[in-house]
Amino acid sequence: MLLELVFGAAVFGSSWFKWDLIKSNTICRYTECCDVNHVPFDIDKLRQSFSQKMFGQPLVNEISNILEAHKNLYNSSKGSKKALVLSLHGWSGVGKNYAATMIAEALYKKGMQSKYVKLFMGKKDFDCSDVQKTQIDLINKVNELVRNCPASLIIFDEIHEMCPSILDAIKPMLDHHHAVDGVDYRNTIFIFISNIGGKEIVSNLLDLYSQGIKRNDVDFHNFEPIIRRAAYSTGGFEKSSTIAQHLIDHYIPFLPLEQHHVEMCALAEFRAHGIYHPTEEMMADALSVITYGPTEEQPIFANNGCKRFTKQIPYVILKHKSKTEL
């Protein structure tokens with residue numbers, strides 16, 4: 001009897017392996033599948049993207065190491081014990097959404113267009129008029145996504161505009177559980193994005209500067225306590241069990257950008273439009289939309305980061321092209 005069971009298991013395992021091989025060479029050649037070809041988890045690509053496209057964010061580079069550690073657990077015999085949960089905080093325009101996009105592009109062949117990447121927008125996707133229904137809909141959508149691919153990426157943007165308690169619906173998915181409703185979330189990645197804690201990050205960074213600590217020498221512990229306190233009383237994080245029960249693994253502070261970081265952003269945006277050597281006049285026009293704070297007496301950090309360059313620089317290019325053609 002035991003021999004029959006072992007033989008049966010071997011046949012089943014062999015059949016499953018053959019089906020996987022057949023699937024990889026047929027269906028998965030024409031449609032996205034949850035396999036290494038479509039979910040390459042390319043950490044080297046992510047490191048390169050951060051190095052070339054992210055300016056003034058020394059702690060963002062640690063995301064690569066965090067994701068690599070998650071990948072190693074995924075591939076090891078021990079396995080992950082819980083989903084990976086990251087929370088990105090900082091002023092508008094400092095690169096939070098940009099970083100999330102880079103993560104998606106490195107982990108999934110189709111990037112943000114992958115069917116295994118889901119972006120929820122705080123105000124748009126979560127109607128506060130019927131919180132219970134909204135929570136049920138959220139659970140069903142996340143369940144379906146992860147059931148199809150355990151290595152899914154789920155992004156919640158604009159947490160500061162969400163209704164309090166909505167996130168509590170997914171608390172079991174973030175916790176140390178083997179499965180929730182038959183779905184294993186331990187290899188899933190959740191990313192929260194918000195402006196929450198932006199002012200506190202700025203204030204604390206100025207304090208660190210006054211103590212002689214350089215920007216590139218800051219660490220997570222310099223910011224995590226103040227971010228947690230600010231988040232626990234704001235928006236979708238207000239009194240949330242995701243914070244109270246320590247289910248967020250890493251709070252990633254995005255530091256406010258200084259003038260030379262903003263200039264690097266502008267140059268990168270010019271290059272993206274094929275202008276590799278913008279004139280001084282073009283740079284001045286591009287930078288004219290940037291204001292500095294946190295106060296008039298302390299014009300140290302760009303108030304809106306690099307956000308306005310997306311529309312400003314194409315306009316500057318066209319404006320100066322018109323001048324040269326006159």
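Everything numeric in this text was worked out from a predicted model, so none of it was measured.
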Inset, instruction - With the side chain counted from C-beta on, respond yes when L206 and P294 share a heavy-atom pair under 4.5 Å apart, and no when they do not. - result: yes

Inset, instruction - Would you indicate whether Q211, at its atom CD, is surrounded by more than 12 heavy atoms from other residues, nucleotides or ligands within a distance under 6.0 Å? - result: yes

Legend entry - Check: F223 ring centroid to Y251 ring centroid under 6.0 Å: no

Legend entry - Parallel, tilted or perpendicular: ring planes of H250 versus F220, cut at 30 and 60 degrees: tilted

Inset, instruction - Please step through side chain to side chain contact (heavy atoms under 4.5 Å, CB included) for the pair Q312 and I317, ending with a clear verdict. - result: CA-CA 9 Å; Q312 175 71 0; I317 292 172; over 6 Å; no

Inset, instruction - Using modelled atom types only, decide if a donor and an acceptor are shared between the side chain of Q57 and the backbone of L255 within a distance under 3.5 Å. - result: yes

Inset, instruction - Compare all side-chain heavy atoms of F126 with those of V131 and state whether any distance is below 4.5 angstrom. - result: no

Inset, instruction - Taking all non-hydrogen atoms of both residues into account, name the closest pair between Y292 and I300 and its distance. - result: CD2-O, 4.1 Å

Legend entry - Intermediate values then yes/no, side-chain hydrogen bond (donor to acceptor under 3.5 Å, both in side chains), T310 and E269: CA-CA 7 Å; T310 305; E269 190 69 25; 5.2 Å; no

Inset, instruction - Look only at the side chain of S210 and the backbone of D207, and say whether a donor-acceptor pair between them is shorter than 3.5 Å. - result: yes

Inset, instruction - Indicate whether the side chain of D168 and that of S241 have a donor and an acceptor atom separated by less than 3.5 Å. - result: yes

Inset, instruction - Report the distance from atom CG of D219 to atom CD of E62, rounding to the nearest 0.5 Å. - result: 7.5 Å

Inset, instruction - Supply the atom-to-atom distance F270 CZ to I313 CD1, rounded to the nearest 0.5 angstrom. - result: 4.5 Å

Inset, instruction - Mind listing the closest non-hydrogen atom pair of P314 and K311 along with its distance? - result: CD-O, 3.4 Å

Inset, instruction - Answer whether the closest heavy-atom distance between the side chains of T242 and V85 falls below 4.5 Å. - result: no

Inset, instruction - Considering only NZ, NE, NH1 and NH2 on the basic side and carboxylate oxygens on the acidic side, decide whether D137 and K141 come within less than 4.0 Å. - result: no

Inset, instruction - Mind jotting down which residue pairs meet the disulfide bond (SG atoms under 2.5 Å apart) criterion with at least one end in residues 203-271? Sequence neighbours excluded, please. - result: C265-C306

Legend entry - In one Ile/Leu/Val/Met/Phe/Trp/Tyr side-chain cluster, 4.5 Å: L73, L247: no

Inset, instruction - Look at the side chain of S203 and the backbone N and O of K199, then say whether any donor-acceptor pair between them is shorter than 3.5 Å. - result: no

Legend entry - Heavy atoms from other residues, nucleotides or ligands near OH of Y315 exceed 12 (cutoff 6.0 Å): no

Legend entry - Flag, side chain of S114 to backbone of K110, donor-acceptor distance under 3.5 Å: no

Legend entry - D181 side chain vs V183 backbone, donor-acceptor pair below 3.5 Å: no

Inset, instruction - Please name the pair of heavy atoms, one in H70 and one in F41, separated by the smallest distance, quoted to 0.1 Å. - result: CD2-CZ, 4.1 Å

Inset, instruction - Please list all pairs passing the salt bridge (Lys or Arg N to Asp or Glu O under 4.0 Å) test where one or both residues lie in residues 82-109, with sequence neighbours left out. - result: K82-D249

Inset, instruction - Enter the distance from C28:SG to D35:CG here, rounded to the nearest 0.5 Å. - result: 5.0 Å

Inset, instruction - Determine, step by step, whether N222 and N204 satisfy the side-chain hydrogen bond (donor to acceptor under 3.5 Å, both in side chains) criterion, reporting the C-alpha distance in whole Å, the side-chain angles of both residues, the deciding distance to 0.1 Å, and the verdict. - result: CA-CA 8 Å; N222 296 126; N204 199 50; over 6 Å; no

Legend entry - Interatomic spacing from CD1 in I227 to CD1 in I248 - rounded to 0.5 Å: 10.0 Å

Legend entry - Flag if over 12 foreign heavy atoms under 6.0 Å of CD, Q113: no

Legend entry - Exercise: identify the closest heavy-atom pair between Y108 and A151: OH-O, 2.5 Å

Inset, instruction - Evaluate the side-chain proximity of I27 to Y30: yes if any heavy-atom separation is below 4.5 Å, no if none is. - result: no

Legend entry - Any donor-acceptor N or O pair under 3.5 Å, side chains H177, R186: no

Inset, instruction - Supply the members, apart from L318, of the Ile/Leu/Val/Met/Phe/Trp/Tyr cluster built from side-chain contacts under 4.5 Å; use none for a lone residue. - result: none

Legend entry - CD1 on I63 to CG on L88, rounded to 0.5 Å: 5.5 Å

Inset, instruction - Give a yes or no on this: more than 12 heavy atoms of other residues, nucleotides or ligands lie within 6.0 Å of atom CD of E296. - result: no

Inset, instruction - Identify whether F55 and L267 are in the same connected component of the hydrophobic contact network (ILVMFWY, side-chain heavy atoms under 4.5 Å). - result: no

Inset, instruction - Check whether M264 and V289 end up in the same hydrophobic cluster, where Ile, Leu, Val, Met, Phe, Trp and Tyr are linked by side-chain heavy atoms less than 4.5 Å apart. - result: no

Inset, instruction - Taking S51 for its side chain and R47 for its backbone only, find out whether a donor-acceptor pair lies under 3.5 Å. - result: no

Legend entry - Rounded distance (nearest 0.5 Å) linking atom CD1 of I226 with atom CZ of R228: 12.5 Å

Legend entry - Sidechain-backbone polar pair: E158 side chain, N195 backbone, donor-acceptor under 3.5 Å: no

Legend entry - Ring centroid separation F192 to F237 under 6.0 Å: yes

Legend entry - Any donor-acceptor pair under 3.5 Å from Y116 side chain to E32 backbone: yes

Inset, instruction - Consider only side-chain N and O atoms of S92 and N304, and report whether a donor and an acceptor are under 3.5 Å apart. - result: no

Inset, instruction - Report yes or no: does D175 contribute a side-chain atom to a donor-acceptor pair with the main-chain N or O of K171 at less than 3.5 Å? - result: no

Legend entry - Cationic N near anionic O, under 4.0 Å, R215 to E258: yes

Legend entry - Pair R308-N303, side-chain donor/acceptor within less than 3.5 Å: no

Inset, instruction - State, yes or no, whether a side-chain contact exists between I252 and S87 at a heavy-atom distance under 4.5 Å. - result: no

Inset, instruction - Could you go through the side chain to side chain contact (heavy atoms under 4.5 Å, CB included) check for I201 and W91 one step at a time? - result: CA-CA 9 Å; I201 290 170; W91 271 0; over 6 Å; no

Inset, instruction - Answer yes or no: is there a donor N or O on one side and an acceptor on the other, between the side chain of H160 and the main chain of G235, under 3.5 Å? - result: no

Legend entry - Non-hydrogen atoms of T188 and D184 that approach each other most closely: OG1-O, 4.4 Å

Legend entry - Residue pair P150 / C34, side-chain heavy-atom distance below 4.5 Å: yes

